[in-house]
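Below is one structure, written out as structure tokens, with a few remarks after it.
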Amino acid sequence: MAELLIPSAQQLIDGEWAAARDRGELPVTDPATGQTIQAVARAGRADVDDAVSAARRAFPAWAATSPSERGALLRRWAELIGGHVEELAAHEARDVGKPLSGGRMNVYIAQSIIDYFAGAADKLTGVTLPTRTPDYLGYTVQEPYGVCAVVLPWNVPSVLTAANVAPALAAGNTVVLKPSEVAPLAPFALAELARQAGFPPGVLNVLTGYGADAGAALTSHPGVNHISFVGSTTTGRAIMRAAAENLVPVKLELGGKSPNVLFADADMDVAIPAIVGSITENAGQNCYAGSRLLVEASVKDEVVERVAAAMRAVRIGPWDADLDMGPLVSEAQYRRVLGFLEEAPREGARLVTGGGPAGERAGGRPDGWFVEPTLFDDVDPGARLYREEVFGPVLAVQAFSGTRQAIEMMNDTDFGLLACVWTNDVSRALRLAGEVRSGQVSVNQFADAGVIGFPFNMQKDSGFSRGGGHGAMREYTQEKAVAIRLLER
Ligand code: NAD
């Protein structure tokens, strides 16, 4: 098995590692120490031109490659990932600051996603259409768009790379991927393994750089035919404006403010650890993080006490200590989260636990961006903490009485990503699942564990996509309709 190296200050375009055209560099740092891990290339407009040109050149042959062959290459890629799990997990964990076992879990998820789309590649079909008389034939075919631009955030780089790149490639598109400037190492490492798996040059190109230059140049490039964006709602709006100029379709996966809705009859021993995990996993830096806890009033005091106790027990440390929670990804994110913690009491919220930096709790590390798991009770539904995405380990609690009020509070948000319902009453669970305005619902578990090909759907300000699952193959293809008249001879 070849060694997995990411060459310093380089990027992967047209099958070759090379420096940026102007030799610009970006430092990648370990958020637990603030130390630079390594440099990657800092791409500018000329690099974006090179990458898009390479992807355009590669497209006709790749689109003409048999779907089974495309699937076989994806499967080979997944196998290579399986042989490099520890190296990939270390890249993911160190770059983002998450515990090593969290990085490892992300790599296994990425591998399983690629494997899923390896199997899906040759199962994408159109339909034959009914006709008014036997003299006609009508059918549809699914065709790739061409060059797909994929722009990603930093929180789960390997999973998001797999979830966006694999279906695009399986469907016959070529890709230019721009990972986040904050955490590009795992995407680069995955792309190197794709190169080793034998994807032709130009099929998958990866460059990194700041959003305002490399990101904007890529998403406004006239050679791009489809844009997949995962990131904040604010940037999502900018990307849609750029896409409007070139009239290209956009898939958006944006922020969230997901509720855990906990009824008094729920199994608390299952629910409480899952609720705490939903806001401390990856230090709360997940789009679907369970950042609002809506609790039935009759059990609220007991629940708040138990959640706070579990939060106090969360072990915090750097990625290689492999505890429960690491630091936030950057100083900017740290300052932003502390800002919410300072403002919440002024807006009337009651601090129950946490509320500040966690350097001491993380072994006295003054240089890392550690924040305590924090619980605020009685958060006013108009407060910023209740309405905005914090992207940190901060939970806002509110009480409800009865199913109707639970539904109203669950939907009282601009976001619509995930809603989790905890109850042993199946009718109530189904009623909430039916009435919530979110792309995903889970009952008696947080998120979609245990379901294969679960669609990663969004509604409202969380975006719109058919990511994850077989629907993603349609997201990355356009339908062509063909009508034929059979002539007499
Ligand atoms: P961000 O929007 O700041 O950046 C995301 C990416 O966009 C980065 O690669 C950045 O360089 C690029 N970018 C920034 N400005 C750009 C511009 N003008 N044009 C083109 N590209 C630009 O987000 P972030 O801080 O990296 O990530 C956190 C956000 O991501 C949170 O809001 C989180 O909810 C969201 N997220 C969503 C999902 C999902 O599936 N819905 C998954 C993970 C993260």
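Just follow the structure's listing: the first ligand is 1, and inside any ligand the first atom is 1.
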Problem - ring pair (Phe, Tyr, Trp, His ring centres under 6.0 Å) partners of residues 152-175, not counting sequence neighbours, each pair once - result: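 Those involving residues 152-175 are W154-F391.
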Completion exercise
In short, ring pair (Phe, Tyr, Trp, His ring centres under 6.0 Å) pairs touching residues 209-237 with sequence neighbours left out are Y145-H226, H226-Y476
Practice task
Find the distance between CD (E92) and OG1 (T161) and round it off to the nearest 0.5 Å.
Solution key: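 Going from the CD atom of E92 to the OG1 atom of T161 covers 8.5 Å.
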Handout entry: E253 bridged to K251 by N-O distance under 4.0 Å
Key = yes
Problem - Side-chain ion pair, R237 and D461, N-O less than 4.0 Å - result: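 Judged by the 4.0 Å cut-off on N to carboxylate O distance, R237 and D461 do form a salt bridge.
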Practice task
Would you check ligand 1 and list the protein residues that come within less than 4.0 Å of it by any heavy atom, ordered by chain and number?
Solution key: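 Lining ligand 1: V151, L152, P153, W154, N155, L160, K178, P179, S180, E181, G211, G215, A216, T219, F229, V230, G231, S232, T235, I239, E253, L254, G255, C287, E389, F391, L417, F456, M458.
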Practice task
List in chain and number order the residues that pass side-chain hydrogen bond (donor to acceptor under 3.5 Å, both in side chains) with D213, two or more places apart in sequence or in another chain; answer none if no residue qualifies.
Solution key: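 With neighbours one apart ignored, the set is R42.
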